Amino acid sequence: MTKIRLHNTKTRRKEVFEPLDPQNVRMYLCGPTVYDRAHLGNARPVVVFDVLYRLLRKEFGADHVTYVRNFTDVDDKINATALARKEAGAVGTLEELIRERTEETIGWYHADMDALGALRPNFEPRATDYIGAMIAMIADLIEKGHAYAKDGHVLFRVRSYQNYGALSGRSVDDMIAGARVEVAPFKEDPMDFVLWKPSDDELPGWDSPWGRGRPGWHIECSAMSEELLWKKPLAEGHLSDEAKKFPHMFDIHAGGIDLQFPHHENEIAQSCCAHPHADGTPGEFARFWLHNEMLQVEGKKMSKSLGNFFTVRDLLDQGIPGEVIRFVFLQTHYGKPMDWTAEKAAQAETTLRKWYKLAETALDNEEPYVGVLNALTDDLNTAAAIAECWQLYHASDAPSLRASMSLLGLMSGSTPGWASLPDVDLSAYVVALADQRAKAMETKDFSAVDALKSALMAAGVEVRMSKAGVELLPGAGFDASKLPDV
RNA sequence: GGCGGGUUGGCGGAGAGGUUACGCAGCGGAUUGCAAAUCCGUGAAGACCGGUUCGAUUCCGGUACCCGCCUCCA
């Protein structure tokens with residue numbers, strides 16, 4: 001087996017990845033807040049960590065990887081949307097409208113990420129289905145002295161966890177000195193963060209020992225990763241003795257670099273304090289932390305005010321295929337900022353058309369090229385993997401190219417429709433063109449044959465004339481309605 | 001202010017202390033009535049200033065500029 005090496009944010013180094021239990025590799029990715037369509041930036045972690053998921057499945061076996069990606073469906077933006085609908089006269093309770101909104105958004109999300117070739121995770125828990133687990137965890141943190149209740153809020157006592165800031169390389173004192181923290185009367189320390197907050201009648205809420213309220217953002221990931229990556233496999237007997245030596249731990253936790261602080265830092269604090277070692281010292285959590293860098297658009301941050309903000313669905317609706325979006329993502333290493341440009345998309349489409357044309361001549365059962373595999377096992381070097389695919393293309397190695405594209409998520413079963421040549425009968429044009437050409441060869445007057453040729457090219461037909469004869473192929477921009485009359 | 005990432009040839013984008021990245025575009029050639037497609041060949045680089053070294057784009061230090069986070073946005 002090839003050694004997989006991954007850049008671990010926790011140690012800031014590339015390390016050899018060895019799972020706690022090769023029979024059950026466990027990873028968690030912070031998923032979307034489901035208040036609206038996923039924008040392009042939301043898609044980057046989904047795609048890059050989908051490649052990781054595929055690689056892990058390849059190396060450890062498809063049935064030996066558990067991938068969890070959550071849906072955050074407790075959020076003020078969701079509440080605001082639901083409230084706006086209610087005020088606009090929508091029927092139903094606020095809770096129903098929220099459920100409606102999040103259901104709808106999850107459906108969009110699935111459709112959009114499917115289009116990008118991302119496999120569905122094994123579990124996609126919704127925060128609202130784990131409120132009980134969160135409340136239990138919060139109560140436990142209070143009992144252990146790591147959290148305190150005040151005025152209907154429950155806060156995590158940051159000073160109670162000595163390693164706070166280790167992931168992101170910050171110290172509590174420095175951050176307070178930097179002074180952009182919210183000072184609230186109910187906080188013991190300005191850096192303390194919310195585990196639970198009260199809800200008024202206009203907001204969704206759940207009963208808790210601290211009154212009706214809702215969870216803070218960070219606790220959901222701590223609770224759900226514990227439930228699905230530790231408790232559940234443990235209860236079902238899916239953990240080896242080796243894995244049981246590392247209670248509450250799992251292998252990989254991934255997300256965007258913007259989540260490094262505070263979100264992931266807070267997750268670590270909660271989980272490590274909730275699950276201490278036998279001697280009472282803080283426990284451990286995820287072993288590998290992977291973060292993808294941010295996405296830009298035409299060299300600038302994507303933002304609504306710059307007018308360069310768009311969703312995955314916007315691009316798909318513009319006719320940019322999901323495979324093309326995926327290819328553009330994979331051209332840049334996940335740890336570097338990535339720039340989305342229209343030109344890249346156009347080039348990616350050209351490349352993929354070439355590759356599919358070769359790859360579809362092979363069957364589906366070949367092993368991916370070792371060069372591609374080696375590139376991916378080296379910290380998911382997808383850019384290098386693509387370069388390796390070019391070698392396969394130039395060598396006309398269709399089976400290896402096809403298998404490699406599959407591993408990259410660019411080929412699932414068959415060539416996508418957009419890259420297939422339209423099935424049209426152009427034989428009448430072939431005859432006409434060959435006929436006119438033969439005449440022109442004698443008369444030396446090529447005006448008629450050139451006119452027909454340009455008309456065909458204008459309709460998106462690729463015209464090939466050689467000594468052997470005339471060949472017509474519908475090309476990328478083929479439009480049957482533009483075909484000339486013969 | 002604090003923390004982190006980046007700066008590679010016309011463009012995109014990797015690896016490696018000394019040996020061709022790769023793709024697109026360009027140029028030359030084959031092929032074609034002319035093209036297209038394809039194939040072959042080819043020029044071109046590592047922000048700036050120091051240091052380590054026989055040798056650095058690759059390691060170390062500094063400077064400049066860009067970007068992200070610190071404001072529940074991946």
Side-chain angles (χ1 to χ4, degrees), chain A residues 9 12 29-33 35-36 38-49 72 74-77 165 167-171 173-182 191 193-194 197 215-220 254-263 265-266 291-296 299-304 309 327-328 330-339 341 343-344 346-348 350-351 354 375 378 381-391 393-394 437-438 440-446 449-450 453-454 456-457 461-468 471-473 475:
Chain A
T9 309
R12 295 168 220 292
L29 174 66
C30 287
T33 302
Y35 65 98
D36 204 352
H39 67 244
L40 193 61
N42 290 315
R44 174 123 106 135
V46 174
V47 170
V48 301
F49 297 118
T72 299
V74 182
D75 176 82
D76 286 344
K77 283 192 282 283
L167 179 72
S168 52
R170 300 156 198 250
S171 80
D173 291 328
D174 286 352
M175 284 186 281
I176 291 170
R180 275 175 86 183
V181 287
E182 183 192 358
M191 288 309 297
F193 59 89
V194 170
K197 53 192 167 187
W217 174 37
H218 316 293
I219 194 72
E220 65 176 82
I257 188 67
D258 56 334
L259 296 183
Q260 186 188 21
F261 187 89
H263 184 55
E265 200 73 69
N266 293 353
H291 290 102
N292 63 280
E293 255 294 343
M294 297 292 101
L295 174 133
Q296 294 184 297
K300 289 176 181 154
K301 180 181 179 176
M302 183 163 75
S303 72
K304 285 178 179 165
F309 180 96
F327 189 93
V328 171
L330 298 186
Q331 271 183 303
T332 304
H333 184 90
Y334 75 89
K336 284 197 171 182
M338 195 215 95
D339 195 18
T341 66
E343 193 188 339
K344 281 186 183 179
Q347 283 190 11
T350 305
T351 298
K354 288 182 182 182
D378 182 14
N381 193 340
T382 50
I386 285 172
E388 294 290 337
C389 284
W390 273 109
Q391 303 308 306
Y393 174 78
H394 290 305
R437 182 160 172 258
M441 296 288 243
E442 287 174 20
T443 63
K444 300 298 174 196
D445 176 8
F446 289 94
V449 59
D450 281 345
K453 188 181 74 177
S454 343
L456 285 166
M457 285 167 69
V461 179
E462 195 182 293
V463 180
R464 298 183 187 176
M465 288 189 276
S466 68
K467 279 181 181 154
E471 208 182 344
L472 297 180
L473 293 167

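Just so we're clear, the structure is a prediction, and the values are computed from it rather than from any experiment. In what follows, every chain begins at residue 1, and chains take the letters A, B, ... in the order their sequences are listed.
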First locate atom [atom1] of [X], then atom [atom2] of [Y], and finally report the distance between them rounded to the nearest 0.5 Å.
X: A/D258; Y: A/E293; atom1: CG; atom2: CD; value: 9.0 Å
X: A/L473; Y: A/L456; atom1: CG; atom2: CG; value: 11.5 Å
X: A/Q331; Y: A/Q347; atom1: CD; atom2: CD; value: 7.5 Å

Of the nucleotides [options], which has the atom closest to the [X] side chain?
X: A/F261; options: B/C70, B/A14, B/C24; result: B/C70
X: A/N381; options: B/A74, B/U38, B/G15; result: B/G15
X: A/K467; options: B/G33, B/U38, B/A14; result: B/G33
X: A/D450; options: B/G33, B/A14, B/G23; result: B/G33
X: A/T33; options: B/A74, B/A14, B/C3; result: B/A74
X: A/A387; options: B/G68, B/A36, B/C22; result: B/C22

Report the distance from atom [atom1] of [X] to atom [atom2] of [N], rounded to the nearest whole Å.
X: A/H263; N: B/A74; atom1: NE2; atom2: P; value: 9 Å
X: A/R44; N: B/C67; atom1: CZ; atom2: C1'; value: 12 Å
X: A/L472; N: B/A35; atom1: CG; atom2: P; value: 19 Å
X: A/Y35; N: B/C73; atom1: OH; atom2: P; value: 7 Å
X: A/N266; N: B/C69; atom1: CG; atom2: P; value: 17 Å
X: A/K77; N: B/U71; atom1: NZ; atom2: P; value: 15 Å
X: A/L167; N: B/G4; atom1: CG; atom2: P; value: 12 Å
X: A/D258; N: B/G5; atom1: CG; atom2: P; value: 16 Å

Quote, to the nearest angstrom, the [atom1] distance that separates [N] from [M].
N: B/A35; M: B/G10; atom1: C1'; answer: 26 Å
N: B/C59; M: B/G46; atom1: C1'; answer: 15 Å
N: B/C11; M: B/A16; atom1: C1'; answer: 23 Å
N: B/A56; M: B/G15; atom1: C1'; answer: 15 Å
N: B/C65; M: B/A74; atom1: C1'; answer: 26 Å
N: B/G26; M: B/A44; atom1: C1'; answer: 10 Å

Conformer about C1'-N of B/G10 - syn within 90° of 0, anti elsewhere: anti

Between [Y] and [X], is there a side-chain heavy-atom distance shorter than 4.5 Å?
X: A/C30; Y: A/L259; value: yes
X: A/L295; Y: A/H39; value: no
X: A/T351; Y: A/W390; value: yes
X: A/K344; Y: A/D339; value: yes
X: A/V48; Y: A/M338; value: no
X: A/N292; Y: A/I257; value: no

Assign [X] to base, sugar-phosphate, or nothing according to its heavy-atom contacts below 4.0 angstrom with the strands shown.
X: A/Q391; result: sugar-phosphate
X: A/Q296; result: sugar-phosphate
X: A/L473; result: nothing

Which atom of A/F49 lies closest to which atom of A/G255, heavy atoms considered: CE1-N, 3.8 Å

Side chain A/E388, main chain A/A375, donor-acceptor under 3.5 Å: no

Earlier contact from the 5' end, RNA chain B, for A/R464 and A/G169: A/G169

Closest-nucleotide 5' rank along RNA chain B - winner of A/W217 and A/K453: A/K453

Aro-ring/base stack A/F446-B/G33, d under 5.5 Å, angle under 30°: yes

Residues that A/T72 engages under side-chain contact (heavy atoms from CB on, under 4.5 Å), provided they are two or more places apart: A/T33, A/N70, A/W217, A/E220

Under 3.5 Å donor-acceptor pair, A/H291 side-chain atoms to B/A74 base atoms: no

Heteroatom pairs (N/O) under 3.5 angstrom, protein to nucleotides 56-62 of chain B:
none

Which atom pairs link the protein and nucleotides 39-47 of chain B when you take only N or O atoms and keep those under 3.5 Å?
none

Watson-Crick or G-U pairs under 3.5 Å in RNA chain B, rendered as dot-bracket with [ ] for crossing pairs and | for another strand: (((((((..(((.....[...))).(((((.......)))))....(((((..]....))))))))))))....

Contact letters for nucleotides 6-12 of chain B, in which S counts primed atoms plus P, OP1 and OP2 and B counts the base, heavy atoms under 4.0 Å: -S----S

By salt bridge (Lys or Arg N to Asp or Glu O under 4.0 Å) - contacts of A/D76 (at least two apart): A/R214

Phosphate OP1/OP2 of B/G33: any A/R437 side-chain N/O under 4.0 Å: yes

